[in-house]
Colleague: 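I am attaching a structure below and will ask some questions about it afterwards.
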Amino acid sequence: MSQQGYVAAPPYSQAQPGAMGYGPGPNQHTYGHYGGQQQAFSPPPPGGMKSPGSSPGGPPPPAQSHYNPSAQQNGSHVPGFPGAPASSVGYGAPPQTQYPGMGQQAPPPAKQLTNQMGAMNLGNYAPGPMQSPPQASPAAPQPFQPTSHPGMGPQMSPHPSTPGGMPMTGPPMAGHQMSGPPMGASQMSGPPMGGPQMPGPPMGGSQMPGPPMGGSQMPGPPMGGSQMTGPPMAGQQMSGPPMAGQQMSGPPMAGMGGPYAGPPGPGLGGYQQPGLGPNSPSGYPQQQGQFGGQMAGGQMAGPQPGFPGAFPGSAMAGPPQKKLDPDSIPSPTQVIEDDQAKRGGQVYATNVRGQVPPLVTTDFTVQDQGNASPRFMRCTTYTLPCTAELAKQCQVPLATIIKPFAVVPKNETPLYLVNHGETGPIRCNRCKAYMCPYMQFIDGGRRFQCAFCNCVNEVPVFYFQHLDHMGRRMDFYERPELSLGSYEFSATLDYCKNNKPASAPAYIFMIDVSFTNIKSGLVRLLCDELKTLLDNLPREEGAESSAIKVGFVTYNKILHFYNVKSALAQPQMMVVSDTAEMFVPLLDGFLVSYAESRAVIHNLLDQIPDMFADTNESETVFAPVIQAGVEALKAAECSGKLFIFHASIPTAEAPGKLKNRDDKKLVSTDKEKTLFHPVKGVYEQLSKDCVAQGCSVDLFLFPSQYLDIATMGDVPAHTGGAVYKYSNFQVETDGEHFLRDLRKDVEKPIGFDAIMRVRTSTGFRATDFFGGVYMNNTTDVELAAVDCDHAITVELKHDDTLSEETGAFMQCALLYTTVGGQRRLRVHNLSLNCSSQLMELFKSCETDSLINFFAKTAYRAILKQPLKSVREILVNQTAHMLACYRKNCASPSAASQLILPETMKVFPVYMNSLMKTAPLVGSTELSTDDRAHQRLAVMAMGVEDTQLLLYPRLIPLHNMELEGEAVPSPLRCSEDRLSDGGAFLLENGHALFLWLGQACPPELIQGLFNLPSLAHLQPNTNVLPELDSPQSRKVRAIVSSLMQQRPNSMKLQIVRSKDKLEVLFRQFLVEDKGLYGGASYMDFLCYVHREIRTLLT
Ligand SMILES: [Zn+2]
């Protein structure tokens, strides 16, 4: 291999003086869900009509709605769709039988509660600015300024983009040239938060209300001597003895000292398991008291039937305590099973406005009939309150979680591609919304009224079509943009950067070849894998091979670039040792087609492990590596992704050098937030550069100690990238785990250089965006890349009154570059109901989406606020939502009854689990990097992923059917459900455990491991041998199917009961008291119930 040193001055120096500064700027708005009215946004409708019915020229529309789905039903009328009055039941929501009196009865005056809540200013995570989408500094407002590079002729192959683009009426989303004012501020503030903060949850010893019971409407359990006849069942309506006014006189509740008063514990870090630190509890943390103490006199059920033999160390030892039956509180597994039974296996047609989809856990088939599939968009509620006042009163966050590239199952129709040629997509002249089923054609089809801004537009001549007797275009079924919720448009040159056709993206593999990665065997493993993996690069549908270019860099303190041009017999290495001003030393031959350069690339991949085999270099650089990648993409004028395989904290002298700033003393102090903050400066600028170029960064980390993931993960977090972490990586134990992740990551469907815009009908709008995004202004969401697992959570707020009749419309438009280099627009539309009845809102809530929203807002909030405040706010908001329901929607009942909305009855268990996650739990026993890692990962998660993370699947294996493919029904995540004679699989999308009870059936052990007994199992076993036994086949099939379904690979950990490692497993039993802090589900529910009662009095 030839080698050349380069000392030349960087040709493309990107020095941008002042660009590092992120000073506060003028455009600030407040973070807070209900902080007040958004600034008014009421565009005057020039020439527009307020309501479609008032159209002077056109025939009156057949239905009182912009969107007439009855038209889509092949003539059959769909009842309940068009603007049903709010008082009528059901907008397609599942029947809810649990609310006697609802509907007939006007909600009680809510004034008192409203006032109370108004004064408390809930839901605001901050008395102060919260939001920190990174903003462009005014000094560098034009990330896309073309730079001329000498000797940089166009090297990219021509690609099939529409030539010539006609000018559009009005600017399209035009690449990245933002017209919005630069924010010039990293912090946005806004309307003041007014009002004192709600005091935190009071601590232990305070009075307890009756413990809450499951289901929609439950009485309090008997307190102080009252007797309960049998445990109440979830979902039932009980008429137990009224408890009103009763107070607990029992001893202070241990473990209930406010959900978080107790000693900090290891979070249930649902994500990456913390190692067993020196201080880790070696046995089972005592779960004291639980309810025993307070439930004096209450007669509750004992141990659950079917689970003989309490888990060792269980809290229920000791004096005969009356334990509240855990079966009596709402069960997530039951809710999941019920939904699967009711809606599983069915076709979900999206033709009904405001229809609540099946749960994310339910297996169903989507048929797009005018609204986007719930795979693409899910909402926290499908009925928006009509006014901001109502929204504030109920405290239910209004949000939609958008996964623009969600995988469409094979049995569902893939998105259609609409090509209007040089004209480009039809859009509203004023608000630029794209043609969609909600647009109302009038005037004999010559004009259409925009559903989003009411503007009346001329229909272009080529697009004209007559209307039928329903007022619907005759070509309705031929045009996806008229009849479907989701579709794509071919974009014209107007939508391309600098009006030039886009190029296919490039993938650059950047391998840290310092001592650690060489010694662990990672480099060799990786290079071997790439030789086959690169055959599976994503390709355009129908294409024979992938258009993605590939490039290779190795580095430690210096960088090595490789020329792998197909004409070469041998790859050539070029070294850049001046990392201060990174540049790319070669243009031709760096990014190549894998198919063409396969031989040279294989040659290179064979050589790399040997070239550095004897290295002693342990220092690395990091920021210059990313910089090099971006510069390479800039030079090639393409977007792409960097795959960086890195081992240690970058301490070598170079920009972005980091030092160990881990400090456990900060945990549980006001400064704890700094542990989650990235180091300012270089990485912020890199994020900007990356986003500007459409360069996503995926980081694979192989650390043996702290490496400041909060900072190293900052660029991935802003570029739609992911961070993978393999602590103390060893090829034997972690190799396959890593390779599975890598394969998924390289092969997954993805779009590049994207810009997303969420448009809404008048009265509300998208105000905030969470997850892997970059915001240069308040409306355009920039994503260097967005893949099939990446979700953006969008908060919605009122700026005016919504109409029950019209409903509310959303349109998410994503402009992006395909893996084949085509520029496209992907459009997802969703219509929601609006109601002035809070009951309708609660009936349409979606707990899994709600918790996704809360997770992301809380994880962002901890950058600004002490964890304690964030947790308090979460509890308070939970109590407020439920109190509001109780006050306004539930039929009168004793105060001791906990009454939960049917749609939110398991919300508390998810909320409690969220508060026990590693980022929020505040424990010195958790690794700072793990906490930062989980924080970053959750920010980009979709609803499925947060649901699973917060409520893992616990699958019993000891009594399963060995034949067939059925997976045993999961059990509730509590030690109560374990049994010594059992075996259980537990997974949450990131961790996977096989837990084996001491008395696990020998035939199972024999079948799984070919061992006579559990005692023969080697500690730290982490593979299931491939045995030809029914047990082995079955369990391996289950594991393999789980692995396939999840976005990430999971490393199997086999744990025997009473093993030291068991503590890792137990932290995922989220219904129990947290090992590192946090209440049990039962305790939390009691606590929330108490808060609700306080609010109601
Ligand atoms: Zn419009």
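Because only heavy atoms are used, hydrogens play no part in the values below, and waters and symmetry mates are left out as well, while side chains stay in. Nothing here was measured: the structure is a model prediction, and the numbers come from that model. Both counts, for ligands and for their atoms, begin at 1 and track the order of listing.
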Colleague: Would you say the side-chain atoms of Asn829 pair up with the backbone N or O of Gly485, donor to acceptor, closer than 3.5 Å?
Modeller: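 Side chain of Asn829 to backbone of Gly485, a donor-acceptor pair under 3.5 Å: yes, one is there.
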Colleague: Taking the six-membered ring for Trp, are His828 and Tyr487 ring centroids under 6.0 Å apart?
Modeller: no
Colleague: Determine, for Glu540 against Arg824, whether the closest basic-nitrogen to carboxylate-oxygen distance falls under 4.0 angstrom.
Modeller: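 Here Glu540 pairs with Arg824 in a salt bridge, since their nearest N and O are under 4.0 Å apart.
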Colleague: Between Glu846 and Arg378, does any side-chain N to carboxylate O distance fall below 4.0 Å?
Modeller: yes
Colleague: Are the side chain of Thr381 and the backbone N or O of Leu384 linked by a donor-acceptor pair below 3.5 Å?
Modeller: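 Pair absent, no side-chain N/O of Thr381 close to backbone of Leu384.
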Colleague: Output, by chain and residue number, all protein N/O/S atoms separated from the Zn ion (ligand 1) by less than 2.8 Å.
Modeller: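 For the Zn ion (ligand 1), the protein N, O and S atoms that sit under 2.8 Å away are Cys428 SG, Cys431 SG, Cys450 SG, Cys453 SG.
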Colleague: Check whether NZ of the Lys or CZ of the Arg Arg473 lies under 6.0 Å from the centre of the six-membered ring of Phe441 and within 45 degrees of that ring's axis.
Modeller: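 Yes, Arg473 and Phe441 form such a contact.
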